[in-house]
Amino acid sequence: MPSGIVYLSHGRLFFKAEESPATEIDSEFAQSIRQRAFELQRRNAWKTQGRGAKFMSGGALWGGDPEDAAGIKIVVTGCARGSDGDLVYALQSPEISGLFRRKVDTLTEQRLLHTSDFKIGHIAVQRETNRLAMSLQHRGGATIAIMDGAGSGFAEVTQGESADESPQWFPGGENKIVFQSAGLAQNEQGHYVGKGPAAIQSLDLDSGAMTCLAEDSKFDLLGPQIASDGSLYFISRPYRGERPRFNPLHLLEDILLFPFRLIFALFQYLNLLTMMYTGKPLARSGNAQQRYADAGRMMIWGNLIEARKSLLESGDETSGLVPASWELCRKGADGNTEVLAKGVLAFDLERGGAVVYSNGAAIYRRDANGKTSRIHKDSMIQQVISVSDSVPSRTEPASGAEVPAQP
């Protein structure tokens with residue numbers, strides 16, 4: 001794959017070469033699902049044709065759209081660069097989750113894993129061995145699993161009442177991974193009621209020994225990566241898991257909004273029943289993609305990011321989707337931690353000490369000397385992967401780049 005960046009936006013995968021516009025990376029698997037759905041819809045079209053047929057089939061009631069097959073929700077949930085330049089990514093459809101490898105030489109897609117038991121999240125590839133590590137989202141929690149590059153040897157390596165996510169391999173071919181882990185709290189009925197602050201753990205896959213590399217009771221430490229010099233990079237954000245303090249104004253707000261919330265809850269209940277018995281929701285306004293998900297919001301690290309609200313408040317199209325309290329940090333071998341950038345949603349390491357990161361609306365590169373440049377802008381950026389071995393010769397200077405603060 002040529003030098004550049006791969007990033008995830010709106011659940012779609014894009015590649016941005018150094019001096020070229022971004023292009024979308026299409027999945028053969030996603031296209032085949034939509035094609036099969038379209039053919040099935042075409043074969044059954046006679047059921048909704050003729051006088052009164054559409055009404056009797058529910059088309060008039062539910063607003064049937066002949067383009068629904070093209071709007072099936074299939075999103076990319078994670079991606080990583082392979083050892084030989086190939087691209088590994090996870091796809092999620094309404095029924096199944098899959099892991100795929102896109103060959104850089106033939107541009108063909110190889111299926112590595114196909115399941116309906118869990119949802120695949122973050123992915124990491126060990127460049128020396130081509131082995132894979134990934135987070136698996138189960139009901140109520142998440143675990144870490146590994147497998148070889150050919151798709152065999154699948155095994156879950158973490159377990160327990162925790163949410164283990166964002167695995168990364170140690171550099172140099174070590175049989176160790178680093179990941180974020182947050183404990184889950186349950187009530188007497190066994191239902192999950194909360195999550196503790198995320199700490200950074202390392203796991204030796206040979207001995208099974210687990211070591212805590214960083215933790216803070218007041219902060220979530222997210223998306224860890226180990227650099228070749230042993231430095232630990234991660235995102236730090238304030239932990240908001242505690243119960244909020246009593247506020248009389250919030251109580252008054254709850255009382256005033258109670259009737260509206262009750263009506264909304266009743267509508268959602270009826271909508272769920274309708275989905276169960278008809279397969280279609282009560283609300284059918286907008287196109288297929290808008291019905292499935294609001295394009296102005298996304299779930300990142302367990303937080304619902306309201307993009308339109310953030311952009312309207314800032315008035316800047318490149319303003320980040322997360323507050324400045326989300327900081328990109330580096331913990332050196334001496335134990336000291338420094339803040340490299342603020343308002344960071346995702347990042348990736350490059351050789352030579354450079355870091356590529358995104359605030360959700362633009363992608364930046366911070367070189368080893370601390371100089372920051374903007375290299376691309378888009379909307380709702382969820383993940384960024386560097387496929388460059390060196391810093392490009394030309395980038396766009398970042399406007400209003402924030403001077404890194406020391407903790």
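Keep in mind the model is a prediction, meaning the values are calculated, not measured.
Minimum interatomic distance between L345 and Q382 (heavy atoms only, all atoms of both residues): CD2-O, 3.6 Å. When all heavy atoms of E165 and A142 are compared, the pair lying nearest together is CG-CB, 3.9 Å. Residues I123 and A90 share a closest heavy-atom pair of CD1-N, 3.5 Å.
Evaluation of the side-chain hydrogen bond (donor to acceptor under 3.5 Å, both in side chains) test over residues 199-210, restricted to residues two or more places apart or in two chains, returns N175-D206.
Under the ring pair (Phe, Tyr, Trp, His ring centres under 6.0 Å) criterion, F219 pairs with no residue at all, not counting sequence neighbours. With sequence neighbours left out, the side chain to side chain contact (heavy atoms under 4.5 Å, CB included) criterion links T129 to Q126, R131. A search for ring pair (Phe, Tyr, Trp, His ring centres under 6.0 Å) contacts involving F179 returns nothing, not counting sequence neighbours. Qualifying side chain to side chain contact (heavy atoms under 4.5 Å, CB included) partners for D348, counting only residues two or more places apart in sequence or in other chains: Q225, I385, S386.
Look at K331 and E338 and you find no salt bridge, because none of the NZ, NE, NH1 or NH2 atoms lies under 4.0 Å from a carboxylate O.
With contacts defined as side-chain heavy-atom distances shorter than 4.5 Å, the pair S97/S116 does not qualify. By the 4.5 Å heavy-atom criterion applied to side chains, F234 and L222 are not counted as neighbours.
With W169 as the partner, the side-chain contact (heavy atoms from CB on, under 4.5 Å) test is satisfied by one option alone out of V125, V178, L205: L205.
No more than 12 heavy atoms of other residues, nucleotides or ligands shown are found within 6.0 angstrom of CD on Q159.
Taking the six-membered ring where the residue is Trp, the centroids of H114 and F29 are separated by under 6.0 Å.
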Considering only distance and modelled atom types, tabulate donor-acceptor pairs under 3.5 Å from the side chains of residues 254-263, sequence neighbours left out.
residue, atom, partner, partner atom, Å
D254, OD1, R261, NH1, 2.9

